[in-house]
Every structure is written in C-alpha cells, then in structure tokens.
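See below for the structure under consideration.
Keep in mind the model is a prediction, meaning the values are calculated, not measured. Ligands are counted one by one from 1 in listed order, and the atoms in each one are counted from 1 as well.
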Amino acid sequence: MAKKGRVFSGARPTGRQHLGNYLGAIQNYVDLQKEYDCVYCIVDVHALTTVETTQELQQNTFEMALDWLAAGIRPDESILFVQSHVPEVMELHTYLSMVTPLGKLTDLPTFKEKIRQQPENVNYGLLGYPVLMTADIVLYKTDIVPVGIDQAPHIEFARETVRSFNYRFGTKALIEPDVKHTEVKKVVGIDGKDKMSKSLNNHIELALTAEETTKRVREMVTDPARMRKTDPGNPDICNVFTMHKIFSEKEEVDMINTECRKAGIGCVDCKLRFAGNLNKHLEPFRAKRADFASRPAEVQEILVDGGKRARAIAQDVMKEVRAAMKLP
Ligand code: SF4
C-alpha cells in the first residue's frame with residue numbers, strides 16, 4: 001500500500017522509557033508506521049541545552065533505542081537515527097537562524113519557562129531550540145509532524161520559518177510541514193497527581209521485571225478518601241482505575257467500577273489485578289528488549305544505518321538550500 005507521506009518526530013534521549021512515554025508517544029510512533037514513511041530521531045544535540053554532563057548521553061540514547069525497537073519501531077521500514085549523526089542539521093540551523101527574528105524566539109513561552117527552570121544556565125541553545133527543531137523537521141522533507149495540541153505553536157513556528165526562508169531566497173527547497181493532531185494521553189504518575197516523569201520519580205519503567213513492576217504498582221496512590229477496605233471508593237478519581245481502563249478487559253473494568261463504589265473490592269486486590277494485566281501486556285516487549293540488549297553491536301548498527309539513510313535525504317535538501325542561497 002502506498003504511504004501517505006513522511007512523518008518526522010524526535011525525542012530527547014532520556015534513557016529507559018516509562019509508561020507515560022509509552023502511552024503518550026511510542027505507541028503512536030508504532031501505529032503511524034502503518035500509513036506513513038516514518039523518520040524517528042533521538043535528539044541528542046537538543047539534550048545538550050539542559051544536561052550538565054554528557055557522561056550518560058550515549059547510554060541514554062542506547063537505552064531509549066532499545067525501548068523504541070522493542071515496542072515495535074521497525075528499522076527496516078522506518079528510519080531510526082541519532083540527531084548528531086547528521087551534521088547537516090547544524091548547518092541548516094545556522095541558515096534558518098538568519099531569517100528568524102530574535103523577538104520571536106524570546107517571546108516563546110517555552111523559552112521563558114526554561115529561563116525559570118534553569119536560571120543559572122540560560123544558554124544560546126535554549127533560545128535557538130525552535131530553530132534547530134525546525135531544521136530537524138525540514139531536513140528530511142517531512143510532510144507531517146504528529147503533535148499534541150499543546151505543541152502546535154512549535155510547528156506553526158517551523159512553518160513560518162520555512163515560509164520566510166523560501167521567500168527570502170526565492171526557492172521551494174524547504175517543505176512546510178503539516179500537523180497531525182494526535183491525542184497525547186496524559187499519564188499520571190504513581191503519586192496520583194503529577195504527570196508521570198523520571199525527574200519526579202513517579203514513573204514505572206517499561207524495562208522493569210514483572211516483580212519490580214508489581215512493587216511499583218503497589219505504591220500507587222488511590223482514592224485518597226478511601227482509608228479502609230470497608231470504605232466505599234471512587235474510581236473516577238483513582239489513577240489505578242484509569243490504568244485499568246487502558247490495560248484490562250471490559251468486564252474487569254466494569255466489575256471494579258461497580259465493586260469499588262460499594263467497598264466490594266480492596267485497593268490491594270485492585271492494584272494486583274492491574275499489575276498482572278500490565279505485566280501480561282509488557283511480556284512480549286520485555287522479551288524483545290532483552291533480545292536486542294543481548295546484541296548491542298546490532299542496535300548500534302541499526303542507528304548508524306538509520307543515520308546514513310537520513311543523511312542521504314538531508315544532503316539532497318542541503319544541495320538545494322545552498323544553491324538557492326548562492327553558496328558553494
Ligand atoms: Fe482505586 Fe481500585 Fe481502590 Fe477503587 S478499589 S479506589 S479503583 S485502587
């Protein structure tokens with residue numbers, strides 16, 4: 001079946017992925033492969049804007065690649081690569097920066113947010129982040145970028161930058177990417193209140209063993225008003241129930257929904273049921289991950305090969321870009 005176009009998406013190398021990454025992005029990446037040519041990038045250069053030491057960068061990149069591959073990113077069909085393997089992105093970033101008004105960058109809410117988060121390290125990379133992101137997208141002749149509603153302004157920035165570049169140099173070398181709005185599930189962490197994240201240590205890593213996963217699930221905060229097993233609970237405000245709705249069969253979800261409200265099921269039992277279903281769901285993932293992890297050289301080879309394929313596209317685009325700019 002002919003594919004509908006090319007999709008690009010990138011994510012920072014955050015190491016082992018967790019359930020929030022899986023439900024919020026990775027599953028979507030896997031699904032998109034059915035209809036689109038997909039280019040998935042581990043953006044290690046972007047990570048340099050915030051990391052203090054690069055000691056773990058390579059390991060984090062490798063661990064993330066393992067998770068993506070195990071989850072179903074197919075390197076024979078899609079391009080899976082590491083951003084720094086294609087140095088042309090840095091060149092395009094520089095050219096695009098020449099058509100980007102400074103005020104537009106300083107006004108972006110994400111930049112202001114970063115200044116708040118790391119006032120001791122407000123580097124140029126933070127400011128130029130959207131320009132590098134635009135270069136990432138357009139360097140691979142991307143038609144579509146899958147984003148959640150909250151990221152849409154970034155893609156609008158990319159589209160405007162492409163228009164400015166093409167207009168200034170009288171070219172059509174760069175393609176304006178379209179947005180594919182995806183429903184990004186907000187996955188709440190085991191604390192029951194904040195978005196699941198490694199930095200808050202409220203996450204469940206996909207690569208945990210079944211026992212470790214169960215232990216983590218047992219730590220999940222439930223309906224805070226339910227103090228004893230004999231108290232009726234409210235599944236509508238319970239994160240364990242939200243997870244059941246994703247990983248459990250309908251009959252079990254319905255049963256919990258009914259029984260919890262009349263104290264017919266205890267939270268420990270409810271959590272163990274969820275842990276069992278989650279472990280069952282992740283079983284094939286874990287087997288695949290262990291298999292890839294036992295062949296690290298092949299995983300590196302997949303990334304190197306992906307980089308070569310991505311670079312071939314990038315070099316074509318850069319030829320057109322330089323020609324339009326009258327550069328050698
Ligand atoms: Fe939540 Fe389940 Fe406890 Fe009800 S029984 S409060 S759904 S963990």
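- Residues in residues 91-105 take part in these salt bridge (charged side-chain N to carboxylate O under 4.0 Å, His left out) pairs, two or more places apart or across chains: Glu91-Arg322, Lys104-Glu160.
- Using modelled atom types, one finds no donor on one side chain facing an acceptor on the other under 3.5 Å when comparing Asn277 with Arg273.
- At a cut-off of 3.5 Å, with distance as the only test, no side-chain donor of Arg226 or Asn234 sits close to an acceptor on the other residue.
- The closest side-chain donor-acceptor pair between Tyr29 and Ser9 falls under 3.5 angstrom.
- For atom 1 (Fe) of ligand 1, protein N, O or S atoms under 2.8 Å: 1 in total.
- Judged purely by atom type and a 3.5 angstrom limit, Gln17 uses its side chain to pair as donor or acceptor with the backbone of Gly15.
- Paired with Asp67 under the rule salt bridge (charged side-chain N to carboxylate O under 4.0 Å, His left out), one option of Lys288, Arg16, Arg289 passes, and it is Arg289.
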